[in-house]
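Each residue takes its place number in the sequence, starting with 1.
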Amino acid sequence: MVLSRLTYEHHPAAALPALLAQDIAMRLQAAIQDRGRALLVVSGGKSPIALFEALRVLPIAWHEVTISLADERCVPNNHADSNTLLVRTHLLQGLASAARLVPMIGDDAPLTTPSTMAAQATTTLRALGDADVLVLGMGTDGHTASLFPQASNLPLAMDVMQNPACVGIELKDPPANAPYARITQNLSMLLSARHIVLPISGDDKRAVLALAKAAPSLALPISKILHQDRTSVTLWLAT
């Protein structure tokens, strides 16, 4: 498939978070002007912290913005490794504190099985509608959101013919720094976003990105985001 919906932004690493934040803010403000509200969906991990801190100071109509997540670890929302806590700590501050956060796992929801929590997250996220901006990340193994290449249910989660939904992910050998089961949007739900941004920095990730751009493969889940014609994707590349 031709990468016809893929565009590029090249910026110095130090300037990229602020420039990407300005682009996201512009898109959110445009959505508010068009539809009266905006939905921003973000990913967790440490990589987006600088972006979150650049975005939270920008003067847009934050009270009309809803924020949710592309994936979550199966831990309480106040756990140190929770993506929800990450967003509350680094994004929902300052001006952005006026935004509404909708976690994938409710603050008072019991931690049950990943599949049960994924079903509940599906209902929650479908009620929000399509994201105006989806911020994805990529690991050096080519995973995005929590769509890991070694997940046993990856083929179904990556099937674009499936309905938009969240799925549970349990890994035999999870990352040592986050050894948790997870819930994640499937590929179909990720591609329902109106626009996707993917910031990439570091030679190791640029090498993985080059492989992903060459051909779609379940061995590199991010490649399925690049090789599709449903939604536009902008790669923000640190130089």
Same cluster for Met26 and Val233 if Ile/Leu/Val/Met/Phe/Trp/Tyr side chains link at under 4.5 Å? no

Closer than 3.5 angstrom, by distance alone: can the side chain of Ser97 be matched with the main-chain N or O of Leu92 as a donor-acceptor pair? no

Interatomic spacing from CD1 in Ile169 to CZ in Arg73 - rounded to 0.5 Å: 13.5 Å

Quick one: do the Ser146 and Asp71 side chains pair a donor with an acceptor below 3.5 Å? yes

Indicate, with yes or no, if the rings of His90 and Phe52 have centres closer together than 6.0 Å. no

Is it true that atom CG of Asp34 has more than 12 heavy atoms of other residues, nucleotides or ligands lying nearer than 6.0 Å? yes

Heavy-atom check, side chain of Thr184 versus side chain of Cys166, under 4.5 Å: no

Starting at CG of Leu226, measure out to CG of Leu209 and round the result to the nearest 0.5 Å. 6.0 Å

Could you tell me whether the side chain of Arg5 and the main chain of Arg230 form a donor-acceptor pair under 3.5 Å? yes

With side chains defined as the heavy atoms from C-beta onward, is the minimum distance between His195 and Arg27 less than 4.5 Å? yes

Are any side-chain N or O atoms of Thr116 and backbone N or O atoms of Thr112, one a donor and one an acceptor, separated by less than 3.5 Å? no

Min side-chain heavy-atom separation Leu101-Val87 under 4.5 Å: yes

Find out if a path of hydrophobic residues (ILVMFWY) with successive side-chain heavy-atom gaps under 4.5 Å connects Leu69 to Met138. no

Results of side-chain contact (heavy atoms from CB on, under 4.5 Å) for Pro221 - residues two or more places apart only: Leu147, Pro149, Leu154, Met158

Just do the side-chain contact (heavy atoms from CB on, under 4.5 Å) check on Cys74 and Ile183 with the steps written out, would you? CA-CA 7 Å; Cys74 293; Ile183 56 176; 4.2 Å; yes

Connected via hydrophobic side-chain network under 4.5 Å: Leu6 and Ile222: yes

Side-chain donor-acceptor pair under 3.5 Å between Thr234 and Thr7, yes or no? yes

Do Leu91 and Leu95 belong to the same hydrophobic cluster, where Ile, Leu, Val, Met, Phe, Trp and Tyr are linked whenever their side-chain heavy atoms lie under 4.5 Å apart, directly or via other members? yes

Between Ala238 and Ser201, the two heavy atoms sitting closest are CB-CB, 3.6 Å

Minimum heavy-atom distance Ser152-Pro155, with the two atoms named: O-CD, 3.8 Å

Could you measure the distance from the CD1 atom of Ile196 to the CG atom of Leu191? Nearest 0.5 Å is fine. 5.5 Å

Any non-hydrogen side-chain atom of Val42 less than 4.5 Å from a side-chain atom of Pro48? no

Quick one: closest heavy-atom pair of Val41 and Ala131, and the distance? CG2-CB, 3.6 Å

Quick one: closest heavy-atom pair of Ala212 and Leu220, and the distance? N-CD1, 3.8 Å

Parallel, tilted or perpendicular: which fits the ring planes of Tyr180 and His79, with parallel below 30° and perpendicular above 60°? perpendicular

Spacing of CG belonging to Leu125 relative to OG belonging to Ser68, to within rounding of 0.5 Å: 4.0 Å

Steps toward side-chain contact (heavy atoms from CB on, under 4.5 Å) verdict (Leu156, Val167): CA-CA 9 Å; Leu156 187 62; Val167 296; over 6 Å; no

Gln22 vs Pro17 side-chain heavy atoms within contact, under 4.5 Å: no

Inter-residue atom distance Asp159.CG - Asn186.CG, 0.5 Å rounding: 9.0 Å

For the residue pair Thr124 and Met104, establish whether any side-chain heavy-atom pair is separated by less than 4.5 Å. no

Minimal non-hydrogen separation, Gly137 against Ser43, with atom names: N-OG, 3.9 Å

Test item: Arg194 side-chain N/O and Asp130 main-chain N/O as donor-acceptor pair under 3.5 Å: yes

Keeping Ser223 on the side-chain end and Ser217 on the backbone end, is there a donor-acceptor pair under 3.5 Å? yes

For His11, does its backbone N or O pair with a side-chain atom of Thr239 as donor and acceptor, under 3.5 Å? yes

side-chain contact (heavy atoms from CB on, under 4.5 Å) evaluation trace for Thr113 with Met117: CA-CA 6 Å; Thr113 66; Met117 289 187 287; over 6 Å; no

Could you check whether atom CZ of Arg88 has more than 12 heavy atoms from other residues, nucleotides or ligands sitting under 6.0 Å from it? yes

Connected via hydrophobic side-chain network under 4.5 Å: Leu19 and Leu237: no

Can you tell if the side chain of Leu40 reaches within under 4.5 Å of the side chain of Leu28, non-hydrogen atoms only? yes

Output yes when a side-chain donor or acceptor of Glu72 lies under 3.5 Å from a complementary backbone atom of Thr84, and no otherwise. yes

Does any N or O in the side chain of Glu9 come within less than 3.5 Å of the main-chain N or O of Leu235, such that one atom is a donor and the other an acceptor? no

Is any side-chain heavy atom of Ile225 closer than 4.5 Å to a side-chain heavy atom of Leu198? no

Scanning both residues in full, the closest heavy-atom pair of Ala181 with Glu170 reads CB-CG, 4.0 Å

Presence of salt bridge, Asp132 and Arg35, under 4.0 angstrom: yes

Can you tell me if Gln162 uses its side chain to pair, donor with acceptor, with the backbone of Ala165 under 3.5 Å? no

Is a side-chain donor or acceptor of Arg37 paired with a backbone partner of His63 at a separation under 3.5 angstrom? no

To the nearest 0.5 angstrom, please state how far the CD1 atom of Ile24 sits from the CD atom of Gln29. 14.0 Å

Within the supplied structure, the quantity of interest is the number of heavy atoms (other residues, nucleotides, ligands) at a distance under 6.0 Å from Asp107 CG; does it exceed 12? yes

Audit row: Val197, Leu134, side-chain contact (heavy atoms from CB on, under 4.5 Å) steps and yes/no: CA-CA 6 Å; Val197 297; Leu134 166 62; over 6 Å; no

